[in-house]
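For reference, the structure discussed in these notes is given below.
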Amino acid sequence: MKKILVTGGAGFIGSHVVLELLHSGYEAIIVDNFYNSCPEIITRLNSLKPHGSHFSVVEADICDQVAMDTLFKEHNFHAVIHCAGYKAVAESVAKPLEYYKNNLLGTIVLCEVMKKYDVTRLIFSSSATVYGAPHYLPIDETHPTGGCTNPYGWTKWMNEQILRDVAHANTEWSVILLRYFNPIGAHKSGKIGDAPQGIPNNIAPIITQAAIGKLPYIAVTGNDYDTPDGTGVRDYIHILDLASGHVAALTYLDTHTGVEAVNLGTGHGTSVLELIHGFEKAVGHTIPQKFSERRPGDIASCYCTPAKAHRLFGGWSAVHTAEEMCADAWRWQSQNPEGYK
Ligand code: WQD
């Protein structure tokens with residue numbers, strides 16, 4: 001059975017990727033320092049894993065060279081899916097050095113230990129944020145990158161460059177830079193989902209926390225953008241589709257070398273008001289909301305064409321609807337008002 005290391009595998013993205021790996025016949029090893037995730041998620045994953053599947057967890061920081069060397073000495077990894085990293089945009093503006101140190105050093109230590117143990121397949125959790133403000137829409141992978149508006153985005157962009165240079169120097173490596181658009185939703189069981197610590201940064205947990213009364217209302221940040229209803233437009237993709245995209249990318253790694261950047265999105269733009277409306281249908285009542293000022297650095301519209309993913313990953317495409325994204329996110333939030341606590 002092929003063994004896949006998932007760094008940050010106890011996080012929102014990582015945990016859904018782990019489940020998809022198990023359903024697809026892989027063995028998964030999670031390495032996570034639980035800085036931004038809860039050990040309870042491991043209990044939930046054990047309750048959800050397919051019969052006969054196997055995963056294990058190592059609590060460690062990927063910046064810890066000794067711990068990572070021990071991990072690679074113990075396991076013969078077929079590939080690595082690298083999700084570990086700080087990811088709060090606003091926090092990155094306030095704490096740039098922490099973001100650059102953690103997100104870049106983590107990738108460098110991981111690549112060093114992969115090289116030492118001759119592990120040559122890597123999927124990197126990148127982000128649409130590397131595109132900066134769109135020059136055109138929909139965004140394809142040839143769109144210029146850079147012009148990021150925050151240190152978090154720059155760490156994604158810099159990590160992509162590091163990985164391109166590593167793959168150039170090691171031609172047997174195969175690297176996929178998966179550029180996530182806006183992952184939302186949750187596993188259909190409602191047992192795992194997005195559990196941001198403290199006040200959420202992203203719109204979906206903000207909406208669901210306002211729906212259960214944990215937040216007094218949704219502050220719709222900006223309604224004067226050049227969009228159909230004046231609110232921000234994004235490409236929301238169900239976390240289950242994002243997870244299946246990772247498994248499809250793994251298959252591609254087995255037969256190719258070099259580096260490919262690939263968008264993971266639906267190709268459809270949804271406004272904040274449309275998203276809120278979708279959640280109100282799932283919740284069954286209106287959710288308090290107020291218009292407020294734009295967030296600094298926010299852009300009006302950002303959505304992709306997922307044609308390259310469809311072409312490279314054996315016909316992959318996102319299949320879950322916006323209604324499912326809202327219903328599944330709501331099921332998770334309503335069943336877990338305090339997240340994993
Ligand atoms: C979506 C829309 C806001 C909060 C960022 C990162 C990306 C990825 C996802 C980490 C926008 C509006 C938001 C609020 C609002 N990174 N909004 N009220 O900014 O597209 O992307 O998060 O996981 O790399 O760049 O996502 O969910 O923060 O915002 O109206 O309180 O919701 O203006 O239009 P974003 P988001």
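As the structure lists them, so they are numbered: ligands from 1, and atoms in each ligand from 1.
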Aromatic contact, W332 with Y340 (centres under 6.0 Å): yes
Taking only residues two or more places apart in sequence, or in another chain, which ones meet Y152 in a side-chain hydrogen bond (donor to acceptor under 3.5 Å, both in side chains)? none
Grouping I, L, V, M, F, W and Y whenever their side-chain heavy atoms are under 4.5 Å apart, do L250 and L163 come out in a common cluster? no
Only counting residues at least two apart or in another chain, list the ones meeting side-chain hydrogen bond (donor to acceptor under 3.5 Å, both in side chains) with E74. none
Under 3.5 Å, sequence neighbours excluded: what are the donor-acceptor pairs made by side chains of residues 277-287?
unit_1	atom_1	unit_2	atom_2	d
E280	OE2	I287	N	2.8
E280	OE2	Q289	NE2	3.2

Enclosure of E172 CD (heavy-atom neighbours >12, cutoff 6.0 Å): yes
With a 4.0 Å heavy-atom cut-off, what residues sit around ligand 1? K87, V89, S127, T129, Y152, N182, N201, N202, I203, I206, A219, V220, T221, G232, R234, Y236, V272, R295, D298
